[in-house]
> 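The structure follows.
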Amino acid sequence: MYELTADRRSNGGEKVMLIGKASDIRSSEITPKGVYEAFHSDRRSFLSGMGAIGATAMAAGLLPGMAHAAAADAPLTKLTTVPSKYKVDETVTPEAKAQSYNNYYEFGTDKSDPKSNAHTMHTRPWTVAVTGLVKEPKAFDVDTLMKYRPLEDRTYRFRCVEAWSMVIPWNGYSLSEFIKAVNPLPSAKYVQFLSLADRKQMPLIGDSGINPPYSEALRMDEAMNPLTLLTFGSYGETLANQQGAPMRIIVPWKYGFKSAKSIVRVNFTDQQPHTTWNDLSSIEYGFYSNVNPSVDHPRWSQASERRLDSAGNPLFPKRVKTLPFNGYANEVASMYQGMDLKKNF
Ligand SMILES: Nc1nc2c(c(=O)[nH]1)N[C@H]1C(S)=C(S)[C@@H](COP(=O)(O)O)O[C@H]1N2
Ligand SMILES: [Mo]
């Protein structure tokens with residue numbers, strides 16, 4: 001894993017949770033869009049068809065006139081929402097920022113990649129399977145889930161392990177409502193969330209170094225905490241693909257990587273499930289990953305964060321102190337009573 005700085009990547013000097021070589025080639029960035037799309041369903045033959053010279057030129061970034069083509073976002077649908085008690089008294093991040101500065105490694109590792117690339121994902125029809133330790137395994141159409149409970153307006157702080165943060169108005173309902181409806185067995189101790197992993201819709205999925213499908217998990221009490229949001233929208237609209245449409249979770253007291261996107265399966269287990277970032281580097285990305293200013297990442301401090309809102313110079317976002325449990329200690333700290341949070345980070 002590499003830590004890259006602003007002179008090498010246009011991400012404002014963020015520490016990136018990147019795996020693999022800094023020189024990784026992202027073909028979507030250096031290939032004319034039409035050519036790329038014509039071949040994206042069979043990328044391997046495309047690359048071999050390019051031949052050695054083509055590949056070398058690509059690696060050196062030498063192909064002329066191959067600007068990154070901006071893809072049209074799928075139109076977002078307005079949602080009917082209801083107010084909630086979950087608000088924060090801080091500047092909300094502009095919608096355009098939340099939808100253009102993303103981590104979604106299935107669509108590339110640069111912050112701007114998901115917006116450029118995620119249009120190849122089809123979010124309807126969309127089925128969510130419920131498996132494992134439940135009374136009866138089931139599959140739900142996402143539109144059924146979306147209508148199951150009123151979609152609340154909940155504004156949460158959102159803190160990435162890379163030490164940037166936003167304030168985002170999400171739309172959804174407590175995951176606990178869904179969990180109660182699917183009747184997990186008493187033996188279920190964890191719930192795992194698996195993201196879509198489809199090479200046809202995610203041509204770059206093999207390039208980032210993460211092992212598909214993206215997997216995240218919570219202990220059952222964490223999943224049942226009312227703060228944990230089954231999320232279908234933000235800013236009063238359906239989620240953009242790059243935000244994890246059509247359905248993701250948001251776990252606001254944990255680092256952002258716990259909040260899995262574009263979920264296709266919810267799996268109940270009695271053992272702690274394997275999770276993507278923890279599997280890749282357990283010394284950097286703990287299973288719990290509760291936001292904790294007193295436990296630093298091995299390569300950077302977690303004591304403060306760059307707040308990406310509209311205030312200040314966008315090149316030098318304001319720094320704010322990171323709060324224990326991202327400011328949600330009153331709601332969640334009791335779940336970890338008696339645990340050593342430096343060991344169980
Ligand atoms: N499937 C999937 N889910 C994912 C990720 C990912 O790469 N793939 N990135 C995670 C990380 S590291 C963060 S910070 C958040 C980012 O969500 P956002 O792009 O909506 O801000 O999504 C999380 N969920
Ligand atoms: Mo993240």
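Sequential numbering from 1 along the given sequence is applied to the chain's residues.
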> Do Lys138 and Val182 have side chains that approach each other closer than 4.5 Å (heavy atoms only, starting at C-beta)?
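No, their side chains stay 4.5 Å or more apart.
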> In Å and rounded to the nearest 0.5 Å, what is the OG1 to CG distance from Thr144 to Asp141?
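Answer for the OG1-CG pair, Thr144 versus Asp141, is 4.5 Å.
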> Would you say Val191 and Asn267 make side-chain contact, with heavy atoms under 4.5 Å?
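Not in contact.
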> Kindly indicate whether the side chain of Ile210, heavy atoms from C-beta on, has any atom under 4.5 Å from the side chain of Glu106.
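With C-beta onward as the side chain, the pair touches.
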> So Tyr173 and Phe178, ring-ring contact (aromatic ring centres under 6.0 Å, His included) or not? Walk me through it.
CA-CA 9 Å; Tyr173 53 83; Phe178 168 81; 7.9 Å; no
> Would you check if the side chain of Ser289 reaches a backbone N or O of Gly286 as a donor-acceptor pair within less than 3.5 Å?
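Indeed, once roles are kept as given, a pair shorter than 3.5 Å links the two residues.
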> Could you tell me if Asp309 and Thr93 have a donor-acceptor pair between their side chains, going purely by distance under 3.5 Å?
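No, no side-chain donor-acceptor pair sits under 3.5 Å.
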> Can you measure from CD (Gln201) to OG1 (Thr123) and round to the nearest 0.5 angstrom?
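Rounded to the nearest 0.5 Å, the CD-OG1 separation comes out at 9.0 Å.
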> Determine, step by step, whether Leu185 and Phe268 satisfy the side-chain contact (heavy atoms from CB on, under 4.5 Å) criterion, reporting the C-alpha distance in whole Å, the side-chain angles of both residues, the deciding distance to 0.1 Å, and the verdict.
CA-CA 9 Å; Leu185 301 175; Phe268 293 87; over 6 Å; no
> Distance from Lys111 atom NZ to Asn103 atom CG, nearest 0.5 Å?
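Rounded to the nearest 0.5 Å, the NZ-CG separation comes to 4.0 Å.
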> Could you give the distance from CD (Gln272) to OG1 (Thr275), rounded to the nearest 0.5 Å?
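The distance works out to 7.0 Å.
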> Please confirm whether Tyr285 and Trp277 have ring centers closer than 6.0 angstrom.
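Close enough - the centres of the two rings lie under 6.0 Å apart.
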> What I'd like to find out is whether the side chain of Met146 reaches to under 4.5 Å of the side chain of Asp143, using heavy atoms alone.
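Side-chain contact under 4.5 Å: yes.
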> Taking the side chain as every heavy atom from C-beta outward, state whether Thr238 and Phe232 have any atom pair closer than 4.5 Å.
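Result no, sub-4.5 Å side-chain heavy-atom pair not found.
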> Report, one line per pair, each donor and acceptor closer than 3.5 Å where one atom sits in a side chain of residues 165-172; sequence neighbours left out.
residue : atom : partner : partner atom : Å
Ser165  : OG   : Glu305  : OE2          : 2.8
Ser165  : OG   : Arg307  : NE           : 2.9
Asn171  : OD1  : Ser234  : N            : 3.3
Asn171  : OD1  : Gly236  : N            : 2.9
Asn171  : ND2  : Glu152  : O            : 3.4
Asn171  : ND2  : Asp153  : OD1          : 2.8

> When rounded to the nearest 0.5 angstrom, what is the spacing between CG in Leu218 and CG in Leu175?
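Here the rounded value is 7.5 Å.
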> Can you find a side-chain donor-acceptor pair between Arg154 and Ser174 that sits under 3.5 Å?
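Yes.
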> Under a 3.5 Å threshold, yes or no: a donor from one side chain and an acceptor from the other, between Glu216 and Gln192?
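Per modelled atom types, Glu216 and Gln192 side chains form no pair under 3.5 Å.
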> Any link between Leu323 and Tyr255 through a network of hydrophobic side chains (Ile, Leu, Val, Met, Phe, Trp, Tyr) touching at under 4.5 Å?
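No, because Leu323 and Tyr255 fall into different hydrophobic clusters, even though each may have its own neighbours under 4.5 Å.
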> Any heavy-atom pair between the side chains of Arg248 and Ser259 that's under 4.5 Å?
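Answer yes - side chains close enough.
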> Using the benzene-type ring in the case of Trp, are the ring centres of Phe325 and Tyr336 under 6.0 Å apart?
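Judged by ring-centre distance (under 6.0 Å), Phe325 and Tyr336 do meet the cut-off.
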> Answer yes when Asp221 and Arg219 have at least one side-chain N-carboxylate O distance shorter than 4.0 Å, and no when they do not.
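Counted as a salt bridge, because a side-chain N and a carboxylate O are separated by less than 4.0 Å.
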> Using the side-chain contact (heavy atoms from CB on, under 4.5 Å) definition, which of the options Ile249, Asn102, Leu196, Leu239 pairs with Lys261?
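Testing Lys261 for a side-chain contact (heavy atoms from CB on, under 4.5 Å) against Ile249, Asn102, Leu196, Leu239 leaves exactly one candidate, Asn102.
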> Are the side chain of Asp296 and the backbone N or O of Pro298 linked by a donor-acceptor pair below 3.5 Å?
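Absent.
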> Hey, are Gln302 and Arg159 close enough side-chain-wise for a donor-acceptor pair under 3.5 Å?
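There is such a pair between these side chains.
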> Distance alone, cut at 3.5 Å: any donor-acceptor contact between the side chains of Asn290 and Trp253?
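Checked: Asn290/Trp253 side chains pair up, N/O donor to acceptor below 3.5 Å.
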> Output the distance between atom OG (Ser176) and atom CE (Met220), rounded to the nearest 0.5 Å.
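Interatomic distance, Ser176 OG to Met220 CE, rounded to 0.5 Å: 11.5 Å.
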> Taking the inter-plane angle between the rings of Phe107 and Tyr104 on a 0 to 90° scale, is it parallel (under 30°), tilted (30 to 60°) or perpendicular (over 60°)?
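Perpendicular, since the angle between the ring planes exceeds 60°.
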> Do Asp110 and Ser112 pair up side chain to side chain, a donor and an acceptor below 3.5 Å, judged on atom types alone?
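Side chains of Asp110 and Ser112: no pair found under 3.5 Å.
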> For this output row, return yes or no: ring centroids of Phe193 and Tyr214 closer than 6.0 angstrom.
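Judged by ring-centre distance (under 6.0 Å), Phe193 and Tyr214 do not meet the cut-off.
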